[in-house]
Amino acid sequence: MTDPQFIAKQLRKPSGNFAPEIAAKMGKGNRPLYDLMISFLEVHHHDSILEIGYGSGTHFSNLFAKANNLQVNGIDY
């Protein structure tokens, strides 16, 4: 079994050989929440969005599909 502290550290800031796998699992696990959030988000052409804690960013394609010329800035660890 993997050390829980190691897993927590990787979930906070993936690094090393495990980073791609952790990022993929976070994207898959968070997909339902991102899909729900994006379905309720009223996005209009040329809007600016601040995304906090965007993880691997796999949800951005769905966000950009909602409107043209979005400006998205992100803050993460």
Side-chain angles (χ1 to χ4, degrees):
M1 183 171 181
T2 305
D3 177 24
Q5 289 182 336
F6 174 78
I7 294 172
K9 186 177 178 181
Q10 287 293 313
L11 290 173
R12 180 174 185 220
K13 185 180 176 191
S15 63
N17 294 334
F18 291 100
E21 183 180 347
I22 294 292
K25 288 184 179 188
M26 285 191 323
K28 183 178 178 181
N30 290 330
R31 170 70 56 195
L33 294 174
Y34 284 129
D35 289 346
L36 181 64
M37 179 270 304
I38 290 171
S39 74
F40 283 103
L41 194 61
E42 293 184 22
V43 178
H44 302 96
H45 302 303
H46 303 284
D47 277 355
S48 293
I49 297 172
L50 174 62
E51 170 64 293
I52 300 172
Y54 57 85
S56 63
T58 57
H59 62 288
F60 283 130
S61 60
N62 292 343
L63 182 59
F64 286 119
K66 290 191 69 126
N68 295 323
N69 299 313
L70 292 179
Q71 178 180 348
V72 179
N73 294 293
I75 297 174
D76 205 330
Y77 193 90

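Throughout, numbering of the chain's residues begins at 1 and tracks the sequence.
By the side-chain contact (heavy atoms from CB on, under 4.5 Å) test, Asp76 is found to be paired with Tyr54, residues two or more places apart in sequence or in another chain being considered. Residues that satisfy the side-chain contact (heavy atoms from CB on, under 4.5 Å) test with His44, not counting sequence neighbours, are Glu42, Asp47. Residues meeting the side-chain contact (heavy atoms from CB on, under 4.5 Å) test with Ile7, sequence neighbours left out: Thr2, Leu11. Residues satisfying the side-chain contact (heavy atoms from CB on, under 4.5 Å) criterion with Asn73, sequence neighbours excluded, are Leu50, Gln71. Lys25 meets the salt bridge (Lys or Arg N to Asp or Glu O under 4.0 Å) test with Glu21; sequence neighbours excluded. In terms of the ring-ring contact (aromatic ring centres under 6.0 Å, His included) criterion, residue partners of Phe6 (sequence neighbours excluded) are, by chain and number, Phe18.
Counting all heavy atoms, side chain and backbone alike, Gly27 lies closest to Thr58 at CA-OG1, 3.8 Å. In plain terms, the two heavy atoms of Arg31 and His59 that are nearest each other are NH1-CA, 4.0 Å. Asn17 and Pro20 make their closest contact through O-CD, 3.6 Å (heavy atoms, listed as atom of the first residue, atom of the second, distance).
One finds the OG atom of Ser39 at 6.5 Å from the NZ atom of Lys66 (value rounded to the nearest 0.5 Å). How far OG of Ser56 is from CG of Asn30: 8.0 Å, rounded to the nearest 0.5 Å.
If you chain together ILVMFWY residues whose side-chain heavy atoms come under 4.5 Å of each other, Leu36 ends up grouped with Phe40.
Judged by distance alone, the side chain of His45 and the main-chain N or O of Asn68 form a donor-acceptor pair under 3.5 Å.
There is no path of hydrophobic side-chain contacts, each under 4.5 Å, that joins Tyr34 to Met26.
Residues Leu63 and Leu41 have side chains in contact (heavy-atom distance under 4.5 Å, counting atoms from C-beta outward).
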